[in-house]
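Below is one structure; the comments refer to it alone.
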Protein chains: 2
Amino acid sequence: MPPKLGILVTEFVIMVRKAMKSANLDSFDRKLLECVRRNNLEPARSLAEKVGLSESSVLRRLRRMRLEGIIIGDIALVDPALTGGAITMHVLVQLYNDGHIRTDAFARNMARREEVVAAWNVAGDEDFVLIVQVPSMEAYDAFTREELSEQSHVRDFKTLISIRPVVDTLISRRPLRA
Amino acid sequence: MPPKLGILVTEFVIMVRKAMKSANLDSFDRKLLECVRRNNLEPARSLAEKVGLSESSVLRRLRRMRLEGIIIGDIALVDPALTGGAITMHVLVQLYNDGHIRTDAFARNMARREEVVAAWNVAGDEDFVLIVQVPSMEAYDAFTREELSEQSHVRDFKTLISIRPVVDTLISRRPLRA
DNA sequence: TATGAAATGCCATAACC
DNA sequence: GGTTATGGCATTTCATA
């Protein structure tokens, strides 16, 4: 398949997906999402009772939503102690301000680092907010040296050591640690 | 059951759980976790091939890890467009420094707010880092007024508006929006 | 086009070795 | 940990509105 056609097909698929996705969800769909969002192993029979549909309709709707990308995945949640680093840091980063090139390059570097759980490009005094999880201070030190201190386009950075999470409705999809 | 006994039983259950949890996972367990962490609807037969065990062993191990709290949940991931607010803010909060009472009260307030997706108590110049998701600037304005500006124990706060997430291995467990 | 009901086939469960 | 028999659940097909 020639590249141009490939791109066209890709775009078409995306258009179809969006079109399908924007097909509004009715109240049954929303109720089902509310349920499987908390527990996706619940049998269809039980879901059917809760939402007021037959078993087959429930299964049809769930399959449709999975195909359309409304349900984007089905996963087991693993104890964070096994996944996350023990120490969480927040890092505020300022770059030297010369256009998008350095911003994009920095973003790509962050995406490559295992320690970076999440990162945002932000407006204001700072340029980036990072959430970094590491098993030890040595690991954090290595990270800051390699990605921040020794990088000439990083003007400054400020570290906020997390004492404890007080709200946490987020879960990580990072790979398990050895 | 008298209260004291109830507490003892509760503590015992917690002890047992921790003891069970600390029972180290072998390489089979870890491989299984790696799999179900990405897809928990994959049949045991398929998992058995991947990790090199029989179907029943796979199912036994998964059930054990669910009971022991190593697997803490099984959920469907819903398209973030349906769940999260459109706008993400990072807020750095400084409180007036008079002990733990205000810190705890603030943490409890944050836990109550739907807008607050995550929050950490941090060391350094700031006291809290918040991740706030809102559907509009009006909603953010209301949030800051109610929880920050009008609160006498908040010394100062600084808002970083997220332009775009550049790394995102986190997913939200917040309820669906209407 | 989407539903509900019944037949089929797959998968988890629980008893064994 | 592996093997086998059972029960439950999802899938498919069909009839219906």
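Reminder, nothing fancy here: chain letters follow the sequence lines and each chain counts from 1.
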Between B:D74 and B:R63, does any side-chain N to carboxylate O distance fall below 4.0 Å?
no
Write down the distance between CG (B:L41) and C1' (C:dC10), rounded to a whole number of angstrom.
15 Å
Distance, rounded to the nearest Å, where B:D26 contributes CG and D:dG1 contributes P:
7 Å
Among the nucleotides C:dC11, D:dC9, C:dG4, which one has an atom lying closest to any side-chain atom of B:R45?
C:dC11
Separation of D:dT11 atom C1' from A:L62 atom CG, nearest Å, is 13 Å
Considering only C:dT13, C:dT3, C:dA15, which nucleotide approaches the side chain of B:R60 most closely?
C:dA15
Under 4.5 Å between side-chain heavy atoms, counting indirect links through other Ile/Leu/Val/Met/Phe/Trp/Tyr residues: same cluster for A:M89 and B:V166 or not?
yes
Would you kindly give the CZ-to-C1' distance between A:R63 and C:dA2, to the nearest whole Å?
14 Å
Which nucleotide sits closest to the side chain of A:E55: C:dA5, D:dA10, C:dT13?
D:dA10
note: A:L47, atom CG; D:dG8, atom C1'; distance rounded to Å ~ 15 Å
Winner on side-chain proximity to B:S54, out of D:dG2, C:dT13, D:dT12, is D:dG2
Could you tell me how far apart A:R66 (CZ) and D:dA10 (C1') are, to the nearest whole angstrom?
12 Å
For the side chain of B:S56 and the base of D:dT3, is some donor closer than 3.5 Å to an acceptor across the two?
yes
So, are B:K50 and B:E42 salt-bridged, with charged N and O less than 4.0 Å apart?
yes
Can you check whether B:S57 has a side-chain N or O nearer than 4.0 Å to OP1 or OP2 of D:dG2?
yes
State which residue, out of A:H90, A:M110, A:E115, fulfils the side chain to side chain contact (heavy atoms under 4.5 Å, CB included) condition with A:L130.
A:M110
Let me know, please, whether A:P43 or B:V58 comes out on the 5' side of the other along DNA chain D by nearest nucleotide.
B:V58
Under 4.0 Å between a side-chain N/O of B:R61 and OP1 or OP2 of D:dG1, yes or no?
yes
In whole angstroms, the gap separating P of C:dC11 from CG of B:N40 amounts to 15 Å
Among C:dT13, D:dA10, C:dG4, the one nearest A:L53 by side-chain distance:
C:dG4
Length of the line joining B:L32:CG and D:dG1:P, which is rounded to integer Å:
10 Å
Member of A:V132, A:V134, A:I131, A:V117 meeting the side chain to side chain contact (heavy atoms under 4.5 Å, CB included) criterion with A:T88:
A:I131
